[in-house]
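The structure appears right after this line, and notes come after that.
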Amino acid sequence: MVATFRCEAIAEEKLKCFTSNKSWLAIKEDVQAGPVPWFGEDVTSILETCLSEYDIEVGHFDQEVRNAKRKQLLSNVLMVVHDAYDTMLMHLYSNTVKSFKTSLEQSLNEGREYVASIRLCSQSCLREFDEGCE
């Protein structure tokens, strides 16, 4: 009973720490303007710090309770990150569509075949999108 109460309280505290983290707040703000390089790496780093601090503080409580509350903490943090992640994907999508239109137009203006141009431009743009998603 005590383990459940304390692990839950510590998890809530770590969630608040995550949502008020200066680096997270900067990423969240920056992503509104456009794609943020290393978005995933930076968010993962902040998340790992948050989870390790949780693990240290709950180390002496029942393992089953610790794990359940850790899983809940992770889920809550990911819900917080979700909106910024969606925004990031929309920026990547929008940039990819613009890039596709521009490169297709250029390719057609250079006299390349329509089907070949579409294939070449779509492959290039999808590769660029995939790299951005990584």
Side-chain angles (χ1 to χ4, degrees):
M1 182 81 145
V2 171
T4 301
F5 177 78
R6 282 300 300 142
C7 288
E8 191 167 314
I10 293 167
E12 287 173 10
E13 176 189 320
K14 294 305 161 191
L15 179 61
K16 286 178 186 173
C17 286
F18 180 88
T19 58
S20 63
N21 180 288
K22 289 180 183 180
S23 296
W24 162 245
L25 293 173
I27 292 168
K28 186 178 170 184
E29 185 178 324
D30 290 347
V31 84
Q32 297 304 314
V36 176
W38 306 287
F39 174 88
E41 293 169 9
D42 291 349
V43 171
T44 298
S45 174
I46 299 165
L47 174 59
E48 286 175 350
T49 299
C50 176
L51 292 175
S52 8
E53 288 173 359
Y54 169 82
D55 291 339
I56 290 168
E57 289 188 42
V58 298
H60 58 280
F61 292 113
D62 180 69
Q63 185 172 359
E64 227 175 275
V65 173
R66 289 190 327 239
N67 291 344
K69 297 304 174 183
R70 186 183 202 277
K71 190 175 180 180
Q72 185 179 5
L73 171 60
L74 178 59
S75 177
N76 290 339
V77 168
L78 292 177
M79 286 187 337
V80 168
V81 171
H82 187 266
D83 286 340
Y85 179 74
D86 277 351
T87 302
M88 179 75 171
L89 285 179
M90 287 308 297
H91 286 304
L92 291 172
Y93 169 77
S94 177
N95 290 348
T96 301
V97 170
K98 287 177 190 174
S99 178
F100 175 78
K101 287 179 181 181
T102 303
S103 60
L104 179 60
E105 190 176 290
Q106 260 181 344
S107 183
L108 293 174
N109 288 340
E110 292 171 358
R112 292 193 179 122
E113 266 185 46
Y114 183 73
V115 173
S117 294
I118 288 178
R119 185 178 311 119
L120 180 67
C121 294
S122 63
Q123 288 173 348
S124 170
C125 290
L126 286 175
R127 190 175 323 108
E128 185 180 313
F129 180 79
D130 288 344
E131 288 171 3
C133 289
E134 286 179 14

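Since the model is a prediction, treat every value here as computed from it, not as a measurement.
- Legend: residues meeting salt bridge (Lys or Arg N to Asp or Glu O under 4.0 Å) with Glu12, ordered by chain and number and at least two apart, are absent.
- When the side-chain contact (heavy atoms from CB on, under 4.5 Å) test is applied to Asp130, no partner is found at least two apart in sequence or on another chain.
- A side chain to side chain contact (heavy atoms under 4.5 Å, CB included) with Leu15 holds for exactly one of Leu73, Leu74, Ile10; it is Leu73.
- Between the OG atom of Ser99 and the NZ atom of Lys101 there is a distance of 12.0 Å, given to the nearest 0.5 Å.
- Summarising the geometry, atom CD belonging to Glu57 is positioned 4.0 Å from atom NZ belonging to Lys14; distances are rounded to the nearest 0.5 Å.
- Distance CG/Asn95 to CZ/Phe129: 10.5 Å, rounded to 0.5 Å.
- Residue pairs satisfying the ring-ring contact (aromatic ring centres under 6.0 Å, His included) criterion with at least one member in residues 47-102, sequence neighbours excluded, are absent.
- Listed by first and then second residue, the side chain to side chain donor-acceptor pair (under 3.5 Å) pairs involving residues 21-34 amount to none (not counting sequence neighbours).
- Remark: the backbone N or O of Leu92 is paired with a side-chain donor or acceptor of Thr96 at under 3.5 angstrom.
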Apply side-chain contact (heavy atoms from CB on, under 4.5 Å) to the pair Ser103 and Cys125, showing each step before the final yes or no.
CA-CA 9 Å; Ser103 60; Cys125 290; 4.1 Å; yes
Give every donor-acceptor pair under 3.5 Å between a side-chain atom in residues 34-47 and any protein atom, sequence neighbours left out.
residue : atom : partner : partner atom : Å
Thr44   : OG1  : Gly40   : O            : 2.6

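- Using a 4.5 Å cut-off on side-chain heavy atoms (C-beta onward), Asn109 and Gln106 make no contact.
- If you chain together hydrophobic residues whose side chains sit under 4.5 Å apart, Val65 and Leu51 never meet in one group.
- What you find for Val31 and Ala84 is that their closest heavy atoms are CG2-O, 3.7 Å.
- Listed by first and then second residue, the salt bridge (charged side-chain N to carboxylate O under 4.0 Å, His left out) pairs that reach into residues 61-83 are Glu8-Lys69, Asp55-Arg70, sequence neighbours excluded.
- Every residue meeting the side chain to side chain donor-acceptor pair (under 3.5 Å) condition with Ser117, not counting sequence neighbours, appears here in chain and number order: Ser107.
- No path of Ile, Leu, Val, Met, Phe, Trp and Tyr side chains, each step under 4.5 Å between heavy atoms, connects Leu126 with Met90, placing them in separate hydrophobic clusters.
- The salt bridge (charged side-chain N to carboxylate O under 4.0 Å, His left out) contacts involving residues 103-119 comprise Glu110-Arg112, where partners must be two or more places apart or lie in separate chains.
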